[in-house]
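Read through the structure below, which is laid out as structure tokens, and then see the notes.
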Amino acid sequence: MEASPEGARRQNLLVRATEPEDLAEYTGDGSVDFRGSPILKHNTGNWRACSLILGTEVCERLAYYGISKSLVTYLSTRLHEGNVSAARNFTTWQGTCYLTPLIGATLADSYWGKYRTIAVFSTIYFLGMTALTLSASVPSFMPPQCVGSICPQPTLPQYLVYFVGLYMIALGAGGIKPCVSSFGADQFDDTDPVEKTKKGAFFNWFYFCINIGSLISGTVLIWVQENYGYGIGFGIPTSFIALAIGSFFIGSEIYRFQIPGGSPLTRACQVIVAATRKRKADSPVDSSLLYELDGKSSAIEGSRKLEHSSEFSFLDKAAVILWNERDGSHDPWRLCTITQIEELKILLRMFPIWATGIVFFTVCAQNSSMFIEQGMTLNNRIGSFKIPPATLSSLDVISVVVWVPIYERLVVPIARRFTGKERGFSELQRMGIGLFVSTIAVAVAALVEIKRLQVARAEDLVHQKVPVPMSILWQAPQYLLVGVGEVFTSIGQAEFFYNQSPDAMRSLCSAFALVTVSLGSYLSSFILTLVSYFTTRNGQLGWIPDNLNEGHLDRFFWLITGLSSLNLLVFLYYAQQYKCKRAAVA
């Protein structure tokens, strides 16, 4: 695989810019400036650039959660949809929001780069928010109000304006989600020990900003929508998206950019095809005889060379040089570089770690499903106040907002003394702690449910579909523990996939991490379906009947606890086997 002439020119510039005498001035990770030239460290990147990127993320998350938290209510009360239809539309849209990042990430890593992808998809996001605002404020686009018990159906144009806007937001989020975190991390040079430490802190504050946006939208924006209408309630986040786009462009001259390296999928397929074609060829004992470009530059534009590893040795056959390939002209579908092969090996090594994230987000999915169902059977009055069960899920967000600064300012320095690691814990250690805490959270939910059922029996409420005289605040620990688990696992996962992914696949790997959120929700739904099927046979009420006082929700929570415990053991096994990415020594 040969780089383009322009790519080769940039690579040569980067090589010259990273000679020993210039290391103090230029970045050493291959980043360039807005015009594609090697970039000086001074006055570029770092927290100065990240502040604009983090601000963009706060505004985007504020808008996203401002829509998602009220979507079911809007569909039910304004578009007059039934409960099933509203729930189906919500889950379809939310699932789309976590699958479209694969589109944005592919464009970013292959062709456009992260900056252009964020710019284009932010604009799409803004247009979608504008359409939603118009649908809630312009009379001809607004769905008709109910007259007594009669609720006229919206017209086709009214449906189109709303749903086109809604799915433009889903598409826009797909371009922003995987790129913003990796683009922010790109502002720190991981060849500089000082900046590399700052990069670890960036992921903490990035996740902090996500939850700040969620907290504001779940309180202030929802209140505005309920008291002043959806026109203003949608208009506010629309203006924030416009502000985010403006502030993002302001930083163009101080951002550090990574050059897109072409299609990651194509490169992976080339390795598989080349290795299959040469399956009968003998791999040399000396790995230095495998094909790789001379010098410091990689054949993959924007990517540094990777050191050969012994795992998945079958793939090494793709770099075996046959006698008819020694003339210098190479077909990338027959001969691949070591770096290109190592890219695929990295993805294969990361796969088991990635898969364990699905079960973690299955636990997190209980926040917005079975935890709320459990809360609806508890006494939600605290003095003269009445706490809606769904509102208690905000404790998860509050837990994250509180714990991120605690982790950064207190946990990291203490852990550093024991582990000797600059960031306190490695990414894998951090993820393991979060998986353990999330397992404890579901076990606590099970214990709360056992206590609730005991109260129901003692008060003779088993056959009555009413809340039991037990405070809803008993649920607080499980929500808080899930938040702590997110601080460790979600942030650790984001940092792991960024640091361990190949240079030219960072957005795509970030997108894969986001897909685990969607798959975790789907797995939770699948488990609920199986539980309902197997526990309601032969006329049984099942574990989760309409009247939970007659059921055994505790058994469902113990099932999730067992699954999460097994998942933790699998994670620990593969974490011990995992070998970190290694850049080739020049």
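Nothing fancy with the numbering, it's 1 onward along the sequence. Quick caveat: nothing in here was measured; it's all calculated off a predicted structure.
A side-chain contact (heavy atoms from CB on, under 4.5 Å) with L480 is found for exactly one of D396, V402, L395, I398, namely L395.
Aromatic pair F163/W93: centroids not less than 6.0 angstrom apart. For F34 and Y115, the ring centers are positioned less than 6.0 Å apart. Here F497 and F512 keep their ring centres 6.0 angstrom or further from each other.
Salt bridge E343/R267: present, at least one basic N to carboxylate O contact under 4.0 Å. Using a 4.0 Å cut-off between charged nitrogen and carboxylate oxygen, D190 and K196 do not count as a salt-bridge pair.
Remark: R61 is positioned above the aromatic ring of Y65, its terminal NZ or CZ atom under 6.0 angstrom from the ring centre and at most 45 degrees off the axis. Both tests hold for R430 against Y407: distance to the six-membered ring centre under 6.0 Å, angle to the ring axis within 45°. Note that K69 lies outside the cation-pi zone of Y64, set by a 6.0 Å cut-off to the ring centre and a 45° limit from the axis.
Taking every heavy atom of both residues into account, A504 and P264 meet most closely at O-CG, 4.1 Å.
The closest side-chain heavy-atom distance from M350 to W354 is not below 4.5 Å.
In the model, Q500 has a side-chain atom that pairs as donor or acceptor with a side-chain atom of Y578 under 3.5 Å.
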